[in-house]
Every structure is written in structure tokens, then in C-alpha cells.
Amino acid sequence: MLELKDFFSELDNFPCPELFEKHLEGFVDLNNIWDIIKRIQQGFVKNQIEKHPMSVEGTIEDGAYIRNPDYIVLGEGSVIQAGAMVCGPAIIGKNVEIRHGAFVRGDVIICDNAVVGHTSECVRAIYMPGAKSPHFNYVGDSILGTNVNLGAGTKLSNLKHDGSNVTLMLEGKRVDTGMRKFGAILGDNGQLGCNSVCNPGTIMEPDCMLYGCASIQGYFLKGSRIKLKQNTIVVPSRH
């Protein structure tokens with residue numbers, strides 16, 4: 001597996017660099033890349049806001065719904081549009097768009113120039129700079145690398161139907177992550193096609209492309225192109 005810095009090129013500009021330290025008091029050690037998500041689940045975002053109070057410098061339009069405002073940080077140039085709902089704790093960087101109908105459920109870090117779009121929902125998630133979930137997306141217990149784009153209708157599923165821990169195959173061995181909720185970790189520049197699904201425990205190295213309507217789970221190497229193969233049958237009209 002790649003090193004953390006190879007998955008995410010913008011770590012030096014991340015607003016809370018402590019998140020990526022191997023040892024952090026009160027949180028699990030980073031032994032695997034998904035331990036970053038465990039720290040988010042353990043309350044890292046709220047802890048950061050309490051330790052380093054930050055302000056609301058962006059715009060919250062009339063008609064936006066804000067819950068736990070004392071735990072919301074909004075950077076300069078960012079906008080929470082009318083009809084969006086944002087729940088703290090949330091750290092939102094500069095020039096971010098939280099569009100009409102978006103639902104930010106809390107425990108999120110959304111870096112500069114990212115987008116959470118119409119009817120998109122995110123919870124316990126990290127958006128690196130320029131990451132976008134612009135249309136009808138679900139991002140749960142996941143990390144989007146720099147410039148990742150989710151096509152319309154793409155979902156990052158984070159919970160198995162039977163409620164058991166999420167597992168994944170690494171180097172031919174099945175690994176138990178110890179997590180009931182774990183969506184996807186998408187390295188920089190990943191592009192996911194419309195209506196695709198990443199099932200729980202999906203990891204993509206940078207520069208991967210997932211074609212539309214595919215449903216996947218597993219570990220994918222840098223630059224992978226992942227396609228759904230199907231047969232299309234055209235039936236003549238009976239009229």
C-alpha cells in the first residue's frame with residue numbers, strides 16, 4: 001500500500017495536520033490509512049474546534065439551516081446557500097460551496113475550494129482541496145483526495161447489511177478493519193462516473209477512474225480504469 005503522502009498531495013496545507021500524526025493523545029494510532037476515519041469517528045473535529053477556536057468568515061444565506069453553530073467554522077469566501085443544512089462539528093475552509101439542498105451531518109473537514117452540492121449528504125468525512133460531491137451523492141465515513149469528483153448519483157456506501165465489521169483484501173489477505181462504518185478512501189484526482197457505487201471498504205490509489213453505473217469493492221492501484229461490462233439488447237418494437 002502507498003504511503004499517506006502518496007495518496008494525498010496536499011497534506012502540508014491541511015487545516016488540522018495533527019490528524020495525520022502517527023501518535024495523537026486520546027485517539028487511535030495511525031497504523032493503517034483507515035485509522036484516519038477512526039479518529040474522525042472518535043470526535044477529532046469537535047476536539048479541534050474546542051482546542052483552537054475559529055470563526056465564521058464566509059456567508060450563510062438566509063434560509064440555510066444551521067445546527068450546533070458554536071461548532072461550525074466557515075472560511076473566507078465560502079457560502080452555505082439557502083436550503084442547505086449544516087450540523088456542527090464542521091470545519092469548512094475557504095471558497096467552499098455548500099449548495100442548496102446539501103446536508104452536512106457533522107464531523108466533517110471540508111478543505112478549500114471543495115463542493116458539497118445539491119441533495120448531497122456527507123457525514124464523518126474529509127474533503128481534501130478541490131474535492132467535489134456536486135449532485136445527489138452520499139459520502140459517509142470516507143476521504144476524498146484533492147480534485148476527486150463524484151459523478152451525479154454516486155454513493156460511497158459505509159455500512160454492510162449484516163452490520164458486521166468492514167473487511168478488505170490487501171496483498172491477498174483479508175483484513176478486518178475493526179470498523180462497522182467505513183466507506184471509501186479515494187486518492188487524489190479520482191474520477192467516479194454517474195450512478196456508481198463504492199461498497200464499504202473501497203480504497204483507490206490516486207488517478208483512478210471508475211466508469212458509470214459500476215458497483216465495486218476492494219483495493220485499486222494507481223491509475224486503474226474500472227469498467228462495468230454488460231450486454232445491451234435491442235428488442236424490435238411489437239407495434
Side-chain angles (χ1 to χ4, degrees), residues 10 15 37 40 45 56-69 71-159 181-200 202 204 208-216 228:
E10 296 286 338
I37 299 172
I40 296 294
V45 182
V56 172
E57 299 179 4
T59 300
I60 302 176
E61 295 183 352
D62 291 341
Y65 297 87
I66 305 298
R67 183 175 292 170
N68 300 328
Y71 286 95
I72 292 175
V73 177
L74 187 65
E76 181 180 357
S78 293
V79 179
I80 301 175
Q81 295 182 358
M85 184 167 188
V86 178
C87 306
I91 297 173
I92 301 170
K94 298 179 181 179
N95 302 311
V96 173
E97 293 181 40
I98 309 295
R99 295 175 178 166
H100 168 81
F103 185 17
V104 178
R105 284 175 50 195
D107 291 302
V108 298
I109 300 173
I110 302 173
C111 294
D112 298 352
N113 304 304
V115 174
V116 182
H118 178 63
T119 67
S120 291
E121 177 181 350
C122 61
V123 61
R124 297 180 300 276
I126 299 169
Y127 288 60
M128 299 299 281
K132 298 175 176 64
S133 58
H135 317 283
F136 303 94
N137 305 123
Y138 178 72
V139 180
D141 300 276
S142 298
I143 305 174
L144 307 187
T146 297
N147 296 326
V148 163
N149 186 76
L150 305 184
T154 292
K155 307 296 190 292
L156 308 184
S157 176
N158 62 338
L159 180 67
K181 291 188 175 182
F182 170 19
I185 297 175
L186 308 179
D188 291 351
N189 306 311
Q191 304 294 313
L192 280 67
C194 293
N195 293 317
S196 58
V197 176
C198 290
N199 288 287
T202 296
M204 291 185 183
C208 287
M209 180 180 291
L210 175 63
Y211 283 60
C213 297
S215 179
I216 64 166
L228 171 68

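Below, all heavy atoms of this structure are taken into account, side chains as well, without hydrogens, waters or symmetry copies.
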Walk me through whether S120 and L150 qualify under side-chain contact (heavy atoms from CB on, under 4.5 Å). CA-CA 10 Å; S120 291; L150 305 184; over 6 Å; no

Short question: side chain of N137, backbone of G151 - any donor-acceptor pair under 3.5 Å? yes

Any side-chain heavy atom of Y65 within less than 4.5 Å of one from R67? no

Is D112 reaching over with its side chain to a backbone N or O of G93, donor-acceptor style, under 3.5 angstrom? no

What's the shortest heavy-atom distance between N158 and G140, and which atoms? CB-O, 3.5 Å

Is any side-chain heavy atom of V148 less than 4.5 Å from a side-chain heavy atom of M204? no

Nearest heavy atoms of T119 and F136, plus distance in Å: OG1-CD2, 2.8 Å

So, does H100 use its side chain to make a donor-acceptor pair with the main chain of A82 at under 3.5 Å? yes

Testing the basics here: between C87 and A90, what is the closest heavy-atom pair and its distance to 0.1 Å? O-CB, 4.0 Å

Apply the test side-chain contact (heavy atoms from CB on, under 4.5 Å) to residues I109 and V45: give CA-CA distance (whole Å), side-chain angles for both, the deciding distance (0.1 Å), then the verdict. CA-CA 7 Å; I109 300 173; V45 182; 3.8 Å; yes

To the nearest 0.5 Å, how far apart are OH in Y127 and CD1 in I91? 15.5 Å

So, taking the atom named OG in S142 and the one named CG in L156, what distance separates them when rounded to the nearest 0.5 Å? 4.5 Å

Can you tell me how far CD1 of I80 sits from CD of E97, rounded to the nearest 0.5 angstrom? 12.5 Å

Minimum heavy-atom distance between S78 and K94, given as atom pair plus value: OG-C, 3.3 Å

Look up atom SG in C111 and atom CG in N95, then write down how far apart they are to the nearest 0.5 Å. 12.5 Å

Is there a donor-acceptor pair under 3.5 Å between the side chain of Q81 and the backbone N or O of R99? no

Side chain to side chain, I37 and R124, heavy atoms closer than 4.5 Å: no

Checking T202 side chain against P200 main chain: does a donor-acceptor pair fall under 3.5 Å? no

Output for pair (C122 SG, I110 CD1), nearest 0.5 Å, gives 4.5 Å

Backbone N or O of Q191 within a donor-acceptor pair of the N149 side chain at under 3.5 Å? no

Interatomic spacing from OG in S196 to CG in L228 - rounded to 0.5 Å: 10.5 Å

